[in-house]
2 protein chains.
Amino acid sequence: MALSHAIMTALIEDDMSGYELAKAFDASLGLFWNASHQQIYQELRKLAEKGWLNRRKVAQRGKPDKILYGLTLAGREALGEWVYRDSRVQESKDDLLVKLYNLSAENIGHLRVEIGERREAMMQRLYLYERIRRVHYANPQALPLRRQGVFLALRLGILAGEQYLAWCDEALDLLAREQEKLDAR
Amino acid sequence: MALSHAIMTALIEDDMSGYELAKAFDASLGLFWNASHQQIYQELRKLAEKGWLNRRKVAQRGKPDKILYGLTLAGREALGEWVYRDSRVQESKDDLLVKLYNLSAENIGHLRVEIGERREAMMQRLYLYERIRRVHYANPQALPLRRQGVFLALRLGILAGEQYLAWCDEALDLLAREQEKLDAR
DNA sequence: CCCCCGTATGCAAAATATTGCATACCTGCC
DNA sequence: GGCAGGTATGCAATATTTTGCATACGGGGG
C-alpha cells in the first residue's frame, strides 16, 4: 500500500494530473519507486474515493482536458502518520545478477555486452542526477528541512550510481581477462 | 517470469527441496532476488510440470519427508537460452526514501532512528557477505568461470552495502546537524 | 502429556503490477 | 488530407506477490 503514499508525497507541493505525475515519477520519486501510468491512474481514483485527494477538471488550450489532483487535509494527515509506520524495503530484482550465476565460456561475451549496456544506462542516469543536484541542491544546508530530505534521497541515488559504475568496470575487467584466457587456448 | 530462472539457477549444482531452496534464497541468490516459500513451492510445481525440474520424495529420520527437485536436461537448456534474453531491472522500492521526501521538524527524530536501524541491518549483512567472500572466494581468479560470475554478484552486494553505509553516515550527520539547529531555538 | 520450535509443504484470497489494448484531442509535417 | 507524435485517460485480462491461514512430523522442556 505504499504506492499511494509515494503518489501523495509527489503532490505535497503541487497539484498534478495523472499524466504529469507519471512523468514526475520517471524523473524524481520514480528513481526510488516506479509505477506505470495505469497504476497511477487507478491509485489516484482510489485515493480520491478515500477522501485523501481532491480532483478537478481543467480545460486546456491545444491539449485534452486534464484532471488535477491535490492533497486534502485528510490526505496530509494520513501521510504524516504513515511516516511513523514500519518501512519495508523491496529489494531490487535484477535478471543480470541471476544470469551471472550462469556465467560460462559460451555466454561470457553476451554478459559483457549486457554489463556494458548497464554501465552506459547508469552513466546517463548519473548525468541527470548531477544536473538536478547542481540546479536545485547546490547548497543543501540553505534549503528548508523537507527539501534536505529530498536531497538525501538524491544523494543516495548518486552514491549508488557511482558505486554501480565502479562495479561495472570491475566486472568488465575481470570478464575481459577471463575471455583472454579462453581465447588463448 | 524470472523467479523460475532464479530457482533453476539455484539448482545448477545441487538438488534441493522447497524448504532448502527458501533458505538458500535467504542467504545467496535471495540477496538479489527475494521470494517467499509460498512462491517457491508454487513455482517448483509449475517447473516440474513443464519438465524443467524432476522431483523425488526423500524420507528422512527425525524430520518430515521432503521433495527434492533437480534440473532436467530440458531445464538446463532453457536456462542456457534465457541468459541471452532481455534483462530487466526491477528497481528496488523503499518506503524510507519516500518518507525522506516528507522530512519535517516533527518526524526528523523518527527518521534518524529508522536510518540508524538500516545502518545496523546493513552492517550485519556486510559481515555475512564478507564471511562468504573470505571462505569461498578468497582467491577468485583461481575459481572456475561460473563461480567467478557468482563472485561478481557477491562483489556487487559488498560494494552496494559499503556505499549504503556511507550514505547512512552522511544522512545521519546532516540530520543531526539539522536537529541541533531546531533544538537551539 | 502438552506446548513450543524447527522442519516441511501447501491452499485460497487479496493486493499489486504488467500487458495489451482503446479512445480522443491537437499540432506539425508532407 | 493523412499520418506521426505528444498529451491525456482509461478498461480488461493476466501475472505476480503477499497475507493469512492449515496441516503434519518429531524432538525437547516443563
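Quick note on labels: first sequence line is chain A, next is B, and so on, each numbered from 1.
- Remark: the A:Tyr164 side chain and the A:Arg118 side chain contain an N/O donor-acceptor pair separated by less than 3.5 Å.
- A:Lys46 has its NZ atom 12 Å from the P atom of D:dC11, to the nearest Å.
- Remark: A:Tyr41 is in phosphate contact with D:dT9, judged by side-chain N or O atoms under 4.0 Å from OP1 or OP2.
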**OP:** Mind running salt bridge (Lys or Arg N to Asp or Glu O under 4.0 Å) on A:Arg177 and A:Glu180 for me, showing each step along the way?
**Re:** CA-CA 5 Å; A:Arg177 275 200 304 276; A:Glu180 269 173 41; over 6 Å; no

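- What separates OH of A:Tyr69 from C1' of D:dG10 is a distance of 10 Å, to the nearest Å.
- With hydrogens and angles left out, the side-chain atoms of A:Glu120 and A:Gln124 include a donor and acceptor closer than 3.5 Å.
- Under the 3.5 Å distance criterion, with hydrogens and angles disregarded, a donor-acceptor pair is assigned to the side chains of B:Tyr84 and A:Glu106.
- Contact annotation: A:Tyr19 side-chain N/O to D:dT9 OP1/OP2 distance is not under 4.0 Å.
- Taking atom CG of A:Leu44 as the reference point, atom P of C:dT16 lies 15 Å away to the nearest angstrom.
- A salt bridge is defined here as a Lys NZ or Arg NE, NH1 or NH2 lying under 4.0 Å from an Asp or Glu carboxylate O, and A:Arg133 with A:Glu130 meets this definition.
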Would you list the protein and nucleotides 23-25 of chain D atom pairs, both N or O, that sit under 3.5 Å from each other?
none

Atom pairs, protein N/O to nucleotides 17-20 of chain C N/O, distance under 3.5 Å:
residue	atom	partner	partner atom	Å
C:dA17	OP1	B:Lys93	NZ	2.9
C:dA17	OP2	A:Gln39	NE2	2.4
C:dA17	O5'	A:Gln39	NE2	3.1
C:dT18	OP2	A:Gln39	OE1	3.4
C:dT19	OP1	B:Arg88	NH1	2.9
C:dG20	O6	A:Gln38	NE2	3.2

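- Side-chain contact check for B:Arg45 and B:Tyr41: no donor-acceptor pair (N or O, by modelled atom type) lies under 3.5 Å.
- Taking atom CG of A:Leu47 as the reference point, atom P of C:dT16 lies 11 Å away to the nearest angstrom.
- Atom NZ of B:Lys66 and atom C1' of C:dG6 are 14 Å apart (whole Å).
- Nearest heavy-atom pair, B:Asn102 versus B:Asn107, reported as atom, atom and distance to 0.1 Å: O-ND2, 2.9 Å.
- Going from atom CD1 of A:Ile67 over to atom C1' of D:dA8 covers 9 Å, rounded to whole Å.
- Between A:Lys23 and D:dA8 there is no side-chain N or O to OP1 or OP2 distance below 4.0 Å.
- B:Ser4 and B:Lys46 share no side-chain donor-acceptor pair at under 3.5 Å.
- Distance B:Phe25 CZ to C:dA8 P: 17 Å, rounded to the nearest Å.
- Between the A:His110 side chain and the B:Val83 main chain, a donor and an acceptor come within less than 3.5 Å of each other.
- For the pair A:Leu68 CG and D:dA8 P, the computed distance is 10 Å after rounding to whole Å.
- Here the nucleotide nearest the side chain of A:Gln60, chosen from D:dA8, C:dA8, D:dC11, is D:dA8.
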